[in-house]
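Naming: A, B, ... by sequence-line order, numbering from 1 per chain.
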Protein chains: 2
Amino acid sequence: MTTSPESDAAARKRLRQAGLRPTRQRILLARRLFDGPHRHVTAAGLHAEVLGEEAGVSLATVYNTLHQFTKAGLLRELVVDSGPSFFDTNTSHHQHFFLEESGRLVDVPGDRVSVSGLPPAPPGTTVSRIDIVVRVTGKEAEEGTASPLRRPRTLE
Amino acid sequence: MTTSPESDAAARKRLRQAGLRPTRQRILLARRLFDGPHRHVTAAGLHAEVLGEEAGVSLATVYNTLHQFTKAGLLRELVVDSGPSFFDTNTSHHQHFFLEESGRLVDVPGDRVSVSGLPPAPPGTTVSRIDIVVRVTGKEAEEGTASPLRRPRTLE
DNA sequence: ATAGTTGCAAAAGTTTTGCATTGTA
DNA sequence: TACAATGCAAAACTTTTGCAACTAT
């Protein structure tokens, strides 16, 4: 699959609209991130993906770019365990399953999840976001090309 | 406040019951952790606390010990953002407020919090735990000796 | 004695920062 | 040309591992 001019233009537009200059590195990463279905990536995983590309991007730039995208509202950062953070291309409000064995993150489908019984936030503060992580164990059923973007956490 | 023999014995007993040998380092850390009210500590914060002690404990040992305590059920590990993990001396099922400005973690009081509308876990997996982090912003009202065990995350 | 455990130095892994370079107006 | 924005090497920070030293039989 070769690079399509289409998605390059789309990436440029997306970056402009987010107030970010469409630099080579940002376009490269934006195309990876936003071309297909929603993804959960780690900085290291995304960096590994683009190592094969013609012109490189350093890991530091991947980090900085992911944070810039996050600040611009294009991504959402998720921290699930002591390993690397995930960046989610789905920025709408939703929650996650975390598969402890594989270290994979899966969206909780639908948007019916709600929290009840929550006491007021500490005095002087207001709630900015509620993150729910449903940690699950057990090997998930095989399903096509599951790509473990992350080294599974060591067991025992 | 000098060290009390009482709490040394209590710490030894606690460790024994958890199936851990009561070594000097473990006793030192256990006393810090379990003597008073519940705490949320980071490895670095706890290490800093014991630097003044007569005999030292290395940061690596603090980490290993915290993980051993966690595996033994004496602590619960919490990861909230990309900084260091927290270890919570309250191992009962409860949730947290995370104060984004100060990087502090506060228990959600009561145990009335519940999640509804959750779809089934992915095929082949079972839920092991549901973690809820209520992220709040704004400076909390002063209240006695608030100890920021963690460097606040850089703003802007 | 000795088999298993422990504690820490060193290594590995993750993230941020400072500044030379680049790109835009 | 000037001036802000960018990208990355290097530094900082967090966590894990391998093995010498220790401990409880």
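- Summarising the geometry, the separation between OH on B:Tyr63 and P on D:dC13 is reported as 12 Å, rounded to the nearest angstrom.
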When Watson-Crick pairs (N1 to N3 and N6-O4 or O6-N4) and G-U wobble pairs (N1-O2 and O6-N3) count only below 3.5 Å on both distances, what is the dot-bracket string of DNA chain D, with | for other-strand pairs? |||||||||||||||||||||||||

Take B:Ser128 and A:Thr137, measure what side chain to side chain donor-acceptor pair (under 3.5 Å) needs, and give me the verdict at the end. CA-CA 6 Å; B:Ser128 68; A:Thr137 49; 5.0 Å; no

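- Listed for the A:Thr61 side chain is no donor-acceptor partner under 3.5 Å among the backbone atoms of A:Val57.
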Return a single string for nucleotides 4-10 of chain C, one symbol per nucleotide in 5' to 3' order, where B is base contact, S is sugar-phosphate-only contact and - is none, cutoff 4.0 angstrom on heavy atoms. -SSSBB-

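- In this structure, A:His94 contributes its side chain and A:Ser92 its backbone to a donor-acceptor pair below 3.5 Å.
- Look at NE2 on B:His47: it is 13 Å from P on D:dT14, rounded to the nearest Å.
- Taking the charged nitrogens against the carboxylate oxygens, B:Arg76 and B:Asp131 do have a contact shorter than 4.0 Å, which makes a salt bridge.
- Under the 6.0 Å cut-off for aromatic ring centres, B:Phe86 and B:His96 do not qualify, their centroids lying 6.0 Å or more apart.
- If you measure from atom CG of A:Leu78 to atom C1' of C:dT15, you get 17 Å, rounded to the nearest angstrom.
- Atom CG in A:Leu15 sits about 10 Å away from atom P in D:dG7, given to the nearest Å.
- Nucleotide D:dA11 holds its P atom 17 Å from the CG atom of A:Leu59, rounded to whole Å.
- A search for side-chain contact (heavy atoms from CB on, under 4.5 Å) contacts involving A:Phe34 returns A:Arg14, A:Ala30, A:Phe69, A:Leu74, A:Leu75, A:Thr89, not counting sequence neighbours.
- With rounding to whole Å, A:Lys71 atom NZ is found 13 Å from C:dT16 atom C1'.
- A:Glu77 and A:Lys71 are not joined by a salt bridge, as no carboxylate oxygen comes within less than 4.0 angstrom of a charged side-chain nitrogen.
- Annotation: the span from A:Arg26 atom CZ to A:Gln68 atom CD amounts to 4.0 Å, rounded to 0.5 Å.
- Across the protein-nucleic acid pair, A:Leu66 atom CG and D:dT6 atom C1' stand 15 Å apart, rounded to whole Å.
- Taking atom CD on B:Glu77 and atom P on D:dT14, their separation rounds to 14 Å, with Å as the unit.
- A:His67 contributes no side-chain N or O that, together with a main-chain N or O of A:Thr65, makes up a donor-acceptor pair within less than 3.5 Å.
- Residue B:His67 places no side-chain N or O under 4.0 Å from the OP1 or OP2 atom of D:dT15.
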